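Structure, as C-alpha cells:
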Amino acid sequence: MSAKPMGRLPVTKTPKVYIGGAFVRSESARTFKVTGRDGAFFANIPQCTRKDLRNAVEAAAKAGPGWARRTPYNRAQILYRLAEMLEARSAELAGSLVLFGAREADARRGMAVGVDRLIHYAGWCDKYAQLLGSVNPVASAHFNFTVPEPMGVVGVIAPDSPPLLGLLSMIAPVIASGNTVVALASERVPYPAILLGEMLATSDLPGGVVNLLTGFRRELVPTFATHAHLRAIYASAGPEDRRALRLGAAASVKRVRFTGTEGAGWFADSAQGLDAIRDFVELKTTWHPIGS
Amino acid sequence: MADRVVSRLKNRIRVLRVGDPLDKNTDLGAINSKAQLTTIRRLVASGVREGAAMFQPQCPLPEKGYYFPPTLFTGVTQSHRIAREEIFGPVLSILTFRTVDEAIEKANNTAYGLSAGVWTEKGSRILRMSTELKAGVVWANTFNRFDPSSPFGGYKESGFGREGGRQGLLDYVSLR
C-alpha cells in the first residue's frame, strides 16, 4: 500500500455538563442533537436525567457551607474575576450565540451586558446585608437585629431567549449572597452554557457552587419542583411549568420565584438589582440580652 | 448540667395549672381541637414506643374539653419522631450535647427552622450560635418574645416570609 496524503480528520467536541466542578456526561449516557443555524449537525448535548439533577443538588449542598462562609468581600472578588474572564473570552461566547441564530450585534451586546451584570452583582456582595438587615427598636432590654442569610441550594431554570444572558442574570444574584445553584440551561440553545461551564471551571468559583445541566424541561421540571433539598426555585417559565413548579414545591415549603423579565428585557438595567438578591435570602432575627 | 436542668424542669412542670384558658390563673390551656389532641397522643405514644423516657406530673385535668398534661421526654435521639415532627402540644423532647458543635448540628438536623433558643453566659457564644443556627428567630437567654418591630418567621419548611419589622412590611410593598 502506498502512503497517500489524507485530509485531517475532523476533531469534534463532546460537550459535557459541569457538576461539582467536574465535566461529566449524563449518567444515562443519553444525548440530544443540536444543529447550528445552517441546519448542520453541531454536537450531541447531554440529556440530563433526574439522577443527574440529584447528583448536582448533592454537589451544590456540599459546596454550600464553604461558599456561604466566604467573606462577602471575597465573594465579590470572585464574581468580579469571573466577569474579567468572560470579558476576555466574550468573542467565543458571542460566537456560540451567533452559531445558534443570534444576530451578531445582539450577541456582542448581550455579552457586554452579561459581563456588566456580573460586576453589578459583585458590587452587591458586601452591600446587600446592610440594606436588607436591620437593628430593630424592640420595647425590652434586647439588642434585636436581623441579618440576611443564604437559603441553601437554589434551582435555576433559564430562559431560551437570551439563553446565556438570561442564565447569567439569574445565577449571579443567587450566588452573590452565598447560595449555591443547580441550573438548567436553555433547551433550545444549550451550547453557550456548556462553554460557560468551561469558563467557571477555571474561575475562582469553588466547584459545586454553580452546577449546569442541559436537557429537556419537561423531564426535569417535576424533579426541580419536588426535590426537598432545593430550598428555592428561580425560573423563567410558562403557565404550565409555573403550575407544576408551584404545586410540586408546596410539599417542602420551597420558595418559588418567577422572573418577570422576558426577551429583550434581559438587556435592560431593570433586569438587575437588589430585589433578585432579596428573593433568595432568609432573614434571621436575634434577640441578644442587654445588661447583666 | 443536663440532669440539673431536667430535675428543675420537672419541679416546674409539677406545679403548672392545667385548666380553663380564660382563667388568668391557668398556666396551660386546652388543645384547640380533638384532631390535634389525637395527633399529640399519637406522637407521645410513639415517643414511649421508640424508647424515650416520659415524665408527666400527677395533675388534675378538667373533665370536659381537650386537655393534655405537660409532658417531658428524656433520652430522645434525633431519629425519634418526637424529635423530628412538629407536636404542637405541651410536650418537650430533650436531647443532650457535649460540645457547641454538637448542639448546633442537632439543632439544625430538622426540616423546620422557625425559632431557636440559646442559654449561655457568654455573649460571644450567643452570636456564634445565632450565626450557625438555621432558624428565623434566635432567642438568647429568653424565649417566645415578640415585638411588632422585630421580624418573625421561619427558615426551611417553617413557612414563607416575615411578619413584623421593616422586613415584614417590605413583602406588602413594591419600592420604586
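Bear in mind the structure is a predicted one, so any value in this text is a computation, not a measurement. A note on names: the letters A, B, ... follow the listed sequences, proteins ahead of strands, and every chain is numbered from 1.
- A68(A) does not touch chain B: none of its heavy atoms, backbone or side chain, sits under 4.5 Å away.
- More than 12 heavy atoms of other residues, nucleotides or ligands lie within 6.0 Å of CZ in F258(A), so this atom counts as buried by the packing criterion.
- Heavy-atom neighbours of E102(B) CD from other residues, nucleotides or ligands within 6.0 Å: above the threshold of 12.
- The contact list for residues 115-143 of chain B toward chain A, using heavy atoms and a distance under 4.5 Å, reads G123(B), I126(B), L127(B), S130(B), T131(B), E132(B), L133(B), K134(B), A135(B), G136(B), V137(B), V138(B), W139(B), A140(B), N141(B), T142(B) by residue number.
- Using a 4.5 Å cut-off between heavy atoms, R255(A) touches chain B through backbone and side chain atoms alike.
- Sparse packing is recorded around NE2 of H229(A), with 12 or fewer heavy atoms of other residues, nucleotides or ligands lying under 6.0 Å away.
- Surrounding NZ of K127(A) are more than 12 heavy atoms belonging to other residues, nucleotides or ligands, all under 6.0 Å away.
- When each of A228(A), G133(A), S140(A) is scored by its heavy-atom pairs under 4.5 Å with chain B, the top score falls to G133(A).
- When the heavy atoms of residues 144-162 of chain B are compared with those of chain A, the residues falling under 4.5 Å are R145(B), F146(B), D147(B), S149(B), S150(B), P151(B), G154(B), Y155(B), K156(B), E157(B), G159(B), F160(B), R162(B), listed by number.
- Scanning residues 19-36 of chain B against chain A with a 4.5 Å heavy-atom cutoff picks out nothing at all.
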| message | For a side chain to side chain contact (heavy atoms under 4.5 Å, CB included) check, start with the C-alpha distance between R166(B) and N136(A), then their side-chain angles and the critical distance, and finish with the verdict. | response | CA-CA 9 Å; R166(B) 181 162 59 80; N136(A) 312 310; over 6 Å; no
| request: Carefully, step by step, assess T146(A) and Q167(B) under the rule side chain to side chain contact (heavy atoms under 4.5 Å, CB included). | output: CA-CA 9 Å; T146(A) 302; Q167(B) 290 81 357; 3.7 Å; yes
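- Open room surrounds CD on E163(B); 12 or fewer heavy atoms of other groups in view lie less than 6.0 Å from it.
- For residues 68-101 of chain B, heavy-atom neighbours of chain A at less than 4.5 Å comprise no residues at all.
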